[in-house]
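This report refers to the structure that appears directly beneath it.
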Amino acid sequence: MADKILKKTDLAGFIKSLTGDYEVLGPVQDGPIFKFAPVVDGSEMALDYQNTTMSPKDLFFPQTEKMFDFTTDPNQDDALVLKEVPPAVGPRVVFGIRPCDAKAFFVLDKIFKNDQFTDVYWFNRREATTLIGLGCNDPCPTCFCTSVNCGPFHEEGLDVIAYDLGEEFLLKPLTDKGQALLGKAKGLGEPAGKVDEKAFSIRSAAEAAVTSQVETGNIFKRSVMELFEMDFWPRVAESCLNCGTCTYFCPTCHCFDIQDETAGQDGQRMRNWDTCMSWLFTMHGTGHNPRPGKMERVRQRFMHKFKYIPMKRDGEIGCVGCGRCIVQCPVNIDVREVVRKMNA
Amino acid sequence: MKVQNPYKPYPVKIDKIIVETEDKNLRTFRFVFLNPEDEKAFAYTPGQFAELSVAGYGEIPIGIASSPTEKGYLLFTVNKVGSVSSALHNMKEGDVMGVRGPLGNSYPLKELEGKNVVIIAGGFAVTTLRSTITWMLDPANRDKYGKITFIYGARTPGMLLYTEEWSEWQKRDDIDTFVTVDREFPGWDGMVGFVPAVTEKVAPSPADTAALVCGPPVMIKFTQPVLEKLGFADDQIIMSLENRMKCGIGICGRCNVGPEYVCKDGPVFTLAQLNKLPKEY
Amino acid sequence: METRTAKIREAAKKLLSEGKVDVVIGYAEGSVPMKTAPFFARTPEEADRLVWNSHCRINLANFLPRRQDRVAVVAKGCDTRNIVTHILEHQVVRENVYLIGVPCLGMVDPDLVAAKEGRLIQEAVEADGKITLKGKGFETVIARDEVLRQNCRVCVHRNPSVYDELVAEPVKEQEGVDRYADINELLAKSDTERYAYFNGLLTNCIRCYACRDACPLCYCHVCFVDEAMPQWVGKSQNKADVMTYHTLRAFHCAGRCTDCGACESACPMGIKVRQFTRLLEKDVKEIYGYEAGLSLEALPPLSVYRPNDPAEFIK
Amino acid sequence: MTLTEVDEISGDEGNFTVRVTQKPRYVDMDKCIACGDCSAKCPRRVDNAYNENLDKRKATYVQYPQAVPLKYAIDADNCIYFQKGKCRACEKFCPTGAINFAQKPVLRDIQVGSVILAPGFKAFDPTIYGAYQYANHPNVITALEFERLLSSGGPTMGHLSRPGDQLEPKKIAFLQCVGSRDMNQCDHGYCSSVCCMYAIKEAILAKEHSHEELDISMFFMDMRTFGKDFERYYEKAKKAGVRFVRSRIHTVDPTPDGGLSMRYVTEAGKPISEDFDMLVLSHGLEISGGTVDLARKMGVELNFNNFAVSSSFTPVSTSRPGIYACGVFTGPKDIPASVMEASAAASAASSKLASARNTEVREKVVPAPRNVNGEPPRIGVFVCNCGTNIGGVVRVPEVAEFARTLPFVEYVEDNLFTCSQDTQEKMTAVIREKNLNRIVVAACTPRTHEPLFQETLINAGLNKYLFEMANIRNHDSWVHSNNPDLATVKAKDLVAMAVAKAALLAPLSETTISVDPSALVIGGGVAGLNAALALSAQGFNVHVVEKGDKLGGHASRIFHTAKGDDVAAYLGGLVDRVEKDEHIQIHLGSTVADVDGYIGNFKTRLSTGTELQHGAAVIATGAEELKPTEYLYGEDKRVLTALELDDLFKANDPGIEKAKSFAFIQCVGSREPERPYCSKVCCTHSVLAALEIKKRNPEARVYVLYRDIRTYGEREYLYKEARQKGVIFIRYSVDRKPKVANASGNLEITVFDPILNREVIIGADYLTLASAIVSHRDEELAQMFKVPLDDDGWFLEAHQKLRPVDFATDGVFMAGLAHYPKPLDEAIAQAQAAASRAVTVLTSTELQVGGVVAEINPARCVGCNVCVTVCPYKAIALDEKNKAKVNEALCKGCGTCVSSCRSGAPQLRGFTNAGLFAQISACL
Amino acid sequence: MTSEEMKNSEEFEPRIVAFLCNWCSYGAADLAGVSRLQYPSNIRVIRIPCTGRMSPKFILEAFRRGADGVWVSGCHPGDCHYIAGNYYARRKFTLMNNFLHALGLEPGRLHFSWVSSAEGEKFARVVKEVTAAVKAAGPNHRFVKLEKEVA
């Protein structure tokens, strides 16, 4: 795997060289919102952004996704039989994604595939996509990635990581897919001089700049029931509106609902993001609700991220420390505070 | 090899509909696969469930009531509660729908070999236990197990499922069948009383015995102490949970009980396992 | 602001120490700049965490319906109006709620501040009507009044409409405010432009329902969006469904909305959801002369009628 | 029995034999489906009397489209076949073979216990008023003709135009009192009571109908808007720009442009000539010759105006026992008064028959309904051809074929007539045979035919609510007859919609609640006592609650009625009867403290603690006399109220005979901004009192200062008599009210006389103020019974015209002055009417409740109270858990609660959200 | 209008959902039938007991399902069979009508009327007016759920 240099002045050429084989997406600004969108030459990109407003999980897990088509027309042979919808994406490159979000994909890979089943919708898109990450030189005060198995230059989930060295990017391929991409791209140069040292110092400075920290060690040691029965939960949940904003912005939240919709005789089965903050999420047809109140639902979310996922997914934490939920929560429920309480 | 889409149901045809209860809200649907090769792919064990898929309405998880020993069809008994089950209840023989599965774990039939089994069921939770009994009573399997006791209760005689089958079982000597209803009814000459009370009377000794318990929460609540009193240990009591599910494959998140996905890690748990989990079921 | 904070703490301590209430609902300092968190003080000591500043945007009336305990709540003008609506709608029993009224000078819109500043703000300090913004390598001062939320800028009911005590002298209500100048401008446009405008507003909606959940009026057990039989509105990101959701949500607030802005402040995508509710709020005021929450006697306009209500549009 | 006339009557009260002749209709009522083909094919056009002969109808016809029964008839006087022996077109085209030219008159003898005469009135024919040009000029029309011109069902379909030239009039004059208050030309000295109001109504309607600004003037003598809310309507008309001119027109001349020039003299004596486009004569009411004949056959005495003779205290009784009368037959009156009298007559007529109640009722046996719960829908669809009415336009077989493809449809057939008896029998069989559990009939309108098909469902053992209709006739084939393709497309959609809804229908249960067969009457005045007696006469126990320490109320202070009857004597007898009545229990010194329950099952606690159970209640709490605060009342002992003057009469006060001068001021406290209503009784009372004074002291000068004299009906004769006896009437206007002063011990009244055009000063020994009658504004009582008050504090009836004694809340009724000021005879009639209405509740031992009513899902309900406030019937209340609960006995199924609830908690059975959604999606 | 557009507009048969109260406007429709008044066939009548039952949501649902026009008709104020159902409805309609138009519903799509059961002629006239107005507005694309946009 050979590192490459991309001069910022060559960015357009680099992007253009990819647009033939790939759809290229980059971070763009749309009013107050930052999000990934197709780019033509890279000039559209806002590479000095902090991060996308929402997590970019919709790259692989759109909020609404069609799964199957069907017809209710009794005259059709395949009436009421579900037909698979072909994968929605071809090869694409995402440029400039933040390492925390890529780490989230890495965690989600372990969720969308288990010992028996593979979520083909997630993996169709994952496989078709090459991720070029952009390290965070300048983390936000709400970032706490380094406390949760992640960091501003974390590499898991990425195919290539880019270091912004000022005038140029250092591109480090991390996977074969990344390597292949760099092989196809134009406008790249070879690293020269003390590039690696410079990159290392930028990385170290960034990691040090993540001053917001949480401890999770005790959480792993404690039993499910011990954590579950801790007495702070009601007060954490007290101000919660149960809106689910945290889950929609969270890069690792992945709960979904499956719904059928019909119009005339055409129908489709789709999935939509869902949220464990909703009372309906666990509501039985009988009227019984295993998580009847907002306390139970708030607790579930934090337990899921910091206890259940680590238990079941090789110790991975269901949180990458991106801080979006802290910024977006209308009532300022701060995940760091909650984790501190769980760990206390 | 192409990865199977785990969300895709097998197309099936409704072969037969049996109205099970006097309120007509419980019906047993017999399905046959539209593509015969799907039947092989659908290899299941008693205790597992499947997502029944009605295009235009969605899916509901329903325990498989038939036994793998019954070839050529699948049985599901469905209670009419929500929009999907209502749509299903409005369907007719010959209609096409989908079955996705088998899903979830099953009763630990392997582990139970050589043991006595007491099967305790209440109301319409008897479905997967019907599957289990049918499987165990199959000549190929009966010898693997010791004494089999079946205790089944419902509110009224008209609310008992599978009357034909358990009537047959009552005649057999390789299974002790006790069917009870909550109170006296004209024309009912069987047992009267609640399941926990009957269990206390007729359950076998806990030695080398496992109890499979399925029923409404109130029945479970009162049966559990009876079994404990009789000396059953928590890992001898096996239960099946019924959380709300969607994906059925351990991803979508709504059936979580603690770290476990009821749809994939369950629905069958021992009481010992459940004791370590939040009571979010 | 500081005196309001002090008075709120004083009132809360008194209520808690005298055992008059079980909890005082107010605001505590948030963990990020320009944010507060609803705070439930249960002891006199905890009351010291209560604050009042320009970021008390969340409408605390939201936490009142169906409460069983004795509660005091810190409430600005719009919050009290919502509590009046709660009382009229039997969600709150007046005797069970102690209202610590706060004459309000408007709340700051952090999105507006962010848009004005353009850089990541790491700290915001407020004093004497000015806010000092600090970030990596910069410090600027901005006048508070310039960055108020739009609803606060056009608010004409800053003083609580009901209260048990006030923590400050009533403020002078704004006069000569044209509450609906921008709405009227919008209404003067063509239907095509308006349709495009409202659809455009919703482009980024993720249907998290924070607007609904932050709204004190939305206290139903089951919201229409969660109904299955029949399904009023689809659950996907379909444009018409998103529009239907916002239309019906706003309609459910008709005659009850106080334009408190909680919905808009809660929206994580910065959508001007109030543009929907304001259309109705304006009509209710102009057609039926009703403004929600000003009186414990007058019923909301959809609960009553007059035989001669105007309706020229009906053939 | 339509087309039927009475020939003779024999026997006595309780046992009459009435011989009637039923004239032939020439149409078999059982076969006629009112499709109208006969009329369409009838070649004979004749003047349409229903539209005042302003347009034509056929010889085979229905009088008007809402006629009951909606069956056609052949007018033999005009039928070509009857007249010339040939034609029979109707017979040929009738799809059901209903035409029967062989029908003959049938004589029948009917055994009855009582008879009620309600023959109505004839509108006065103004031809004899030559000066008004009615007979000669097409643009001079009667108000009834004008009414038809304004009606959307009328000859011009509501488009206002002049009959002469079809031009839209821009300036119209209404002439009041045509054929009323006039002894010279028409011998009708009485006031017709209704013309002022109907003229104002027509004026307002005309203004609303007119495309351009319409100038309307109304020429009148006194504006008699004395009924409930009438005065407000008058004020509204003034605001709407109707010009009111106090003058009688004496000459009308045609103008060249088709209009009319009128000459009149203003009140101040100025002659004016003014042009109008059109002239409307507000003609009065009179009794027809036919009615006079009927009365003669019945042996019922008429007065000189041919109105039935009745007493003030038995307003619906005639001179012959057992025969009762109501409506204009007993004197001119408007709809609410007629409806009240009708109920009163029913009460009076049945009071003697109570013991025979339910003796001729046969019980019907129906099969027990099959339980269809849990069954998938199995829908049967019956598509009707309705002869050629549907099948001639819509391709019915195609619609039937389409219906087969719809979800859950198990059986489809098309019928020539789905409503025919044999099809009903077949339907019953098919339902059983095919095990159908939902039925859709695609035919005509559910408004007429739903009950018939529901009956069939019941006979087939299905709950009758498992039924839905698709209206492919009235809403389709009849209105798209020129486009069979689109009509067929529409028919399919309508069937699909009905099937979609039917699939979701659930059986609705109807349960019965018992009825406590006793009544509560609140108020022991004349109204309350009459209601109590009427109820007792029907065999029901009655509790009378009176807050005072004796019965009788304000009537005890009234001297005479307008008919000259002695009130004191009557009242003594009334109280005595009530006190002796074993069915009536009197609670003096009591008020209502608390009311719980609902129709059939009220529980009322009195202020004394007594608890009463009753099935119905009559509110007859009366009103009070305003104590004036003007005209020196309370300062000068010579200033009296009307009741105080009656006190003097009753005490035979010698002062009356000694005094030289008496004055009355009318409208004291009435018809003013604070009390914008007319107190109705005061004009008559003052006129009566003036006459009484003249009787006792013929030399005395009597002045009545008035705004409009409102001696409506035959009371007008009193007014006339008073003028003849020298009582001086001086009009004043409200902006120039009389002034009363004590001028060195003499009571002096200064008033501007508009005829003399100057102020006059009247010295009076007694000044009587005709002060307003004011309501108690009893909000507490209203709240307890969940009934409304109007702006003036009167109890507000369910419908001012059609349900004048009912409340929206079932089981509660009103009578007397609690409703509005009124004279004794009207109060008594209303009391009997209220009793009659209450009897309809009490006679049923149980009430059917349920069906299409709302229900609340408590899991959804948040207790926000919106449904409680909007329910027009107060059928919803919050329970102790703050959950709304519907009282099925009160719910009428309007669904306002459903659409008002944000939480989706209420559901209207039969019209569920899911059902309506299914209909929406089925047609799109 | 080009000739092509003219042709299209001639061929366009709008789908109009009409919500009629049982007692007045439904009766008026019956009467229009009895009187054989001819009117365009585009309306599809849904019978409701009273305009009080008319949830404004039904209007949105009809548009969402693709209706080109919606028409709601009930008893004249003061004539409600249920005393006051139409008074409450009138307020809801007023607000919803203004609201939907403010949100960009084209004029001519949404109609309200009071038609009594005696006004068959008015019923037919209003159908004509409503149909003409909806035709003039053309096929509806606003507030309509297009399935292809779902995912």
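Lettering follows sequence order; numbering is per chain, from 1.
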B:Arg155, CZ: over 12 other non-hydrogen atoms inside 6.0 angstrom: no
Does atom CZ of B:Phe194 have more than 12 heavy-atom neighbours, drawn from other residues, nucleotides or ligands, at distances under 6.0 Å? no
A:Val81 and B:Val96, any side-chain heavy atoms less than 4.5 Å apart: yes
Note: vs chain A, highest number of non-hydrogen pairs under 4.5 angstrom among B:Pro217, B:Gly258, B:Gly82 is B:Gly258
Exceeds 12 heavy-atom contacts within 6.0 angstrom, atom CD of B:Glu242: no
Nearest 0.5 Å please: distance from the CZ atom of A:Phe117 over to the CD1 atom of B:Ile251. 9.0 Å
For B:Lys16, is the NZ atom crowded, meaning more than 12 foreign heavy atoms sit under 6.0 Å from it? no
Scored by heavy-atom pairs under 4.5 Å with chain B, the best of A:Asp78, A:Thr286, A:Ile111, A:Asn114 is A:Asn114
Is B:Asn35 atom CG crowded by more than 12 heavy atoms from other residues, nucleotides or ligands, each under 6.0 Å away? yes
Whatever's closer than 4.5 Å to a heavy atom in chain A on B:Cys247 counts as both
Which region of B:Pro11, side chain (C-beta onward) or backbone (N, CA, C, O), has a non-hydrogen atom less than 4.5 Å from a non-hydrogen atom of chain A, or is it both or neither? side chain
Side-chain contact test, heavy atoms from C-beta onward, threshold under 4.5 Å: evaluate it for A:Asp115 versus B:Lys264 and give yes or no. yes
If you count heavy-atom pairs within less than 4.5 Å of chain B, which of A:Lys83, A:Met283, A:Lys113 leads? A:Met283
Distance (rounded to the nearest 0.5 Å) between B:Glu260 CD and A:Lys312 NZ: 3.5 Å
If you take all heavy atoms of A:Phe70 and B:Gly56, which pair is closest and at what distance? CZ-N, 3.1 Å
Check: A:Val224 and B:Lys276 side chains under 4.5 Å, non-hydrogen atoms: no
If I take atom CG from residue A:Leu82 and atom CE from residue B:Met97, how far apart are they, to the nearest 0.5 angstrom? 10.0 Å
Identify the heavy atoms of B:Gly253 and A:Cys255 that sit nearest to each other, and give their distance. CA-SG, 3.9 Å
Side chain from CB out, backbone as N, CA, C, O: work out which of these in A:Tyr121 comes under 4.5 Å of a heavy atom of chain B, or both, or neither. side chain
Is there side-chain contact between B:Arg244 and A:Leu280, with heavy atoms separated by less than 4.5 Å? yes
Answer with side chain, backbone, both or neither: which region of B:Leu277 has an atom nearer than 4.5 Å to a non-hydrogen atom of chain A? backbone
Rounded to the nearest 0.5 Å, the OG1 atom of A:Thr282 sits from the OH atom of B:Tyr281 at a distance of 15.0 Å
With a 4.5 angstrom heavy-atom cut-off, could you sort out which part of B:Leu241 is near chain A: side chain, backbone, both or neither? neither
Evaluate side-chain contact (heavy atoms from CB on, under 4.5 Å) for B:Arg254 paired with A:Asp274, printing each intermediate quantity in order. CA-CA 9 Å; B:Arg254 70 191 61 221; A:Asp274 206 342; 2.6 Å; yes
Quick one: of A:Phe112, A:Phe123, A:Phe256, who has the most non-hydrogen atom pairs under 4.5 Å with chain B? A:Phe256
For a side-chain contact (heavy atoms from CB on, under 4.5 Å) check, start with the C-alpha distance between A:Phe68 and B:Asn5, then their side-chain angles and the critical distance, and finish with the verdict. CA-CA 11 Å; A:Phe68 299 96; B:Asn5 183 345; 3.8 Å; yes
Check: B:Cys252 and A:Asp257 side chains under 4.5 Å, non-hydrogen atoms: no
For A:Phe281, is it the side chain, the backbone, both or neither that has a heavy atom under 4.5 Å from a heavy atom of chain B? both
What part of B:Val257 lies closer than 4.5 angstrom to a heavy atom of chain A: side chain, backbone, both or neither? neither
Test item: A:Thr118 and B:Pro6 side chains (from C-beta on) under 4.5 Å apart, heavy atoms: no
Can you tell if the side chain of B:Glu280 reaches within under 4.5 Å of the side chain of A:Phe228, non-hydrogen atoms only? yes
Please report the closest heavy-atom contact between A:Tyr308 and B:Pro259, naming both atoms and the distance. CD2-N, 3.5 Å
Rounded distance [0.5 Å steps], CG in B:Asn105 versus CD in A:Gln116: 9.0 Å
Does any heavy atom of chain B fall under 4.5 Å from the side chain of A:Arg297, the backbone, both, or neither of them? neither
Contact check, side chains of B:Asn256 and A:His304, non-hydrogen atoms, under 4.5 Å: yes
Minimal heavy-atom distance between A:Pro290 and B:Asn243, with the atoms involved, is CG-ND2, 4.3 Å
Of the backbone (N, CA, C, O) and the side chain (C-beta and beyond), which part of B:Asp95 lies under 4.5 Å from a heavy atom of chain A, both, or neither? neither
Do B:Tyr7 and A:Arg269 have a side chain donor and acceptor closer than 3.5 Å? no
For A:Met303, is it the side chain, the backbone, both, or neither that has a heavy atom closer than 4.5 Å to a heavy atom of chain B? neither
If you round to the nearest 0.5 Å, how far is OG of B:Ser53 from CG of A:Asp260? 6.5 Å
Side chain / backbone / both / neither for A:Glu229 at chain B, heavy atoms under 4.5 Å: neither
